[in-house]
Amino acid sequence: MPMTNREVAAVLERVGQILEIRGENPFKARAYYSAARTIESLGEDVNKVVADGELGQIPGFGEALTAKVTELVTTGRMKYLDEISSGLPDGLLGLLEVPDVGPKKVKLFYEKLGIKSVEELEEAARAGRLADLPGMGEKSQAKILAGIQQRKEHKGRWLLSEALPLAKRIFAEVEGVKGVRRASLGGSIRRMRETIGDIDILVSAADPAAVIQAFTALDGIERVLAAGDTKGSAVFKPGIQVDVRVVEEESYAAAQHYFTGSKEHNVHMRQLAKDRGWKLNEYGLFDGDAPLPAKDEKALFARMGMDFVPPELREDRGEIEAALAHGLPALAEEDDVRGAFHIHSNATDGSMTLEQLAAEAKSRGYSYLVISDHSRAVAVANGLDEERVRRQWAEIKKLNAKLKGLSIFRSIEVDIRKDGALDYGDEILRGFDCCIAAVHSSFTMPSADMTARIIKALSNPCVDILAHPTGRLLLEREPYAVDIEAVLSACAKHNVAVEINAQPSRLDLDWRFVRTGRELGCRFAVGLDAHHKEDFDWAGLGVAVARKGWLAKGDILNCMSAAQFKRWLSGRRRRRR
DNA sequence: GCCGTTTTCGGCCCGACTGTTTTCAGTCG
């Protein structure tokens, strides 16, 4: 069975970690990490790249890595990994997950105390055995123990939706401290990653110490981790870490860029500066010792000969090259979205009536609403049988006659059954304005079967949109095994739009694959998957995923007007005959 | 392990903070 890009990347990542723990040349480890990243974001099947003999042409793949990755994808094994991991217990790599534990400490703990797992580390810390080790002490030991505890409780990552409200509150407080000139969110939260590890805030202020002092005295702090002259760090309820950095006003633009990341984007940018004979760091852009001033990020990018790169794109996935060539897409904005898609009513598992939904959508500035309740197979959600479908159609017809400034489309979230058949016959499916198909059961099929199942459903001309294409639940459930590129190709072929489900725990399709889909020629639809009033709040997350996937408003169905969307749907219907 | 006309050896981003030290190592971003 061929390996996925992600699996190949995981092996390379593992090699890097083991090399670090063994104390090998850190740059060798970095070469493996960088190769892992490249494979993960290849946008092409690594098996194909290897088969075509093109791996060696990718930057970062020299003779050794090309040979090793070729061996891995053709045989499923890498002898080198077996060699370097022989004698090392499996749990050792898990130790790296503990905050303040890096490869050197893993090596130390293993060699001096025989610690092979997080459990053993915790035991040793509780027994006070870590403190006596060279370079360690009581405080380091306590810190590691606290880190293990925190890790246990929260697995160290948070949904964007959990972190955003807290980030906005703390940001507003910090921005309001006397003497603060400018402030910005940074890090993964500014880049709108689907999950975040901590919250970064950057500040320019006359009196840095006062900012840190005010920050570490805020409400809701569980404990303060660090409070220096220019940097403060604290854990807020319910366990989210917030870092504040204060910089000089003249460094603000460079610092904002630096602390927004991603790390990979920054490394690439620094290299670019170096190529020009300059130096870029968090303090500024320099020609020798002479600063090349930039008042904001836009000016900083301009100095580098680039267009402004929106934070969501800063993942080192080609945005730097595109900005240099002035070829970045004009990304979609939340305000561009005019239709509320994938909305459940209280006819199935939603909590609002059609009338309430219409009022909510209107108050939020939408001009049309796509009602998509569950089909009958999703019995736990009180899925609609045909008779209830027809009753809902009648109700929508009545409502549409009465509503002003908002129209309702008759839609359905039709279940894709195990064999790829849809949950209703074509006759009733043809009666909907718009059909959204989705998998809700049998998640554990082999990848080939799941792929065939979904592609069969897509080939039914009644299907207009594929909802939550991988079924993942962030921090809870992995995506089901599926060849997503094959699914996206089928969407492009059949002109079926791909949903970006905006539920904070889904954000499915993943932005990395949104990019892939865009390149394959797919259209997209931001689906709220709304069941309650508050779910309308998450449209911005869906748009953020679209932006991270490089989408312009022309790529997104709900950026059309109701009339344009209607035309798009009838165009599909004409072609299906 | 990768890379490349200032190259085939010697770099590879680098600074803040903490805790341990008494001048520095490890981690993190």
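Proteins get letters first, then strands, A, B, ... in listed order; numbering begins at 1 in each.
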| Nearest-Å distance once atom P is located in both B/dG26 and B/dT21 | 13 Å

| field | Between B/dG29 (C1') and A/I199 (CD1): distance, integer Å | value | 16 Å

| task | Could you tell me the separation between the CD atom of A/Q141 and the P atom of B/dG26, rounded to a whole number of Å? | result | 19 Å

| task | Name the nucleic acid region contacted by A/K107, choosing base, sugar-phosphate or nothing; use a 4.0 angstrom heavy-atom cut-off, strictly under. | result | nothing

| Considering heavy-atom distances to DNA chain B, does A/G135 or A/I58 have its closest nucleotide positioned more toward the 5' end? | A/I58

| query | Quick one: A/D275 CG to B/dT5 C1', roughly how many Å, whole number? | reply | 15 Å

| request: For the pair A/D508 (side chain) and A/G471 (backbone), establish whether a donor and an acceptor sit closer than 3.5 Å, ignoring hydrogens and angles. | output: yes

| said: At 4.0 Å (heavy atoms only), tell me whether A/P26 reaches a base, stays on the sugar-phosphate, or touches nothing. | reply: nothing

| request: With heavy atoms under 4.0 Å as the rule, sort A/Y33 into base, sugar-phosphate or nothing. | output: nothing

| query | If the C1' atom of B/dT5 is compared with that of B/dG10, how far apart are they to the nearest Å? | reply | 16 Å

| message | In whole Å, I'd like the distance from the CD atom of A/E138 to the C1' atom of B/dT20. | response | 13 Å

| field | Base versus backbone protein contacts along nucleotides 12-18 of chain B [heavy-atom cut-off under 4.0 Å; B, S, -] | value | BBSSSSS

| note | So the ring-ring contact (aromatic ring centres under 6.0 Å, His included) pairs with at least one residue in residues 217-272 of chain A (sequence neighbours excluded) are A/F215-A/F236, A/H257-A/H265, A/H257-A/F301

| query | How many Å lie between CG on A/L133 and P on B/dG26, as a whole number? | reply | 13 Å

| Rounded P spacing from B/dT18 to B/dC13 in Å | 26 Å

| Charged N to carboxylate O under 4.0 angstrom, A/E315 versus A/R193? | yes

| Considering residues, nucleotides and ligands other than A/E24, do more than 12 of their heavy atoms fall under 6.0 Å from its CD? | yes

| task | Mind calculating the distance between CD1 (A/I21) and C1' (B/dT27) to the nearest angstrom? | result | 14 Å

| said: Please give the distance between the P atoms of B/dC2 and B/dT6 as a whole number of Å. | reply: 23 Å

| request: Could you check how far CD of A/E63 sits from P of B/dC3, rounded to whole Å? | output: 11 Å

Could you go through residues 100-107 of chain A and list every donor-acceptor pair under 3.5 Å that involves a side-chain atom there, pairing it with any protein atom two or more places apart or in another chain?
{"from": "A/K105", "atom 1": "NZ", "to": "A/D100", "atom 2": "O", "distance (Å)": "3.4"}

| request: In whole angstrom, give me the gap between the C1' atoms of B/dC17 and B/dC12. | output: 24 Å

| query | What is the base-pairing partner of B/dT8, counting Watson-Crick and G-U wobble geometry with both distances under 3.5 Å? | reply | none

| Between the side chains of A/E282 and A/S251, does any donor sit under 3.5 Å from an acceptor? | no

| field | Validation row: A/Y33, A/E13 side chains within 4.5 angstrom (heavy atoms) | value | yes

| request: Scan A/P134 against the nucleic acid and name what it touches under 4.0 Å (heavy atoms): base, sugar-phosphate only, or nothing. | output: nothing

| request: Measure the distance from NZ on A/K105 to C1' on B/dC28 and round it to the nearest whole Å. | output: 11 Å

| With a 4.5 Å heavy-atom cut-off, do A/I500 and A/L551 have their side chains touching? | yes

| Interatomic distance at C1', B/dT27 relative to B/dT20, whole Å | 14 Å

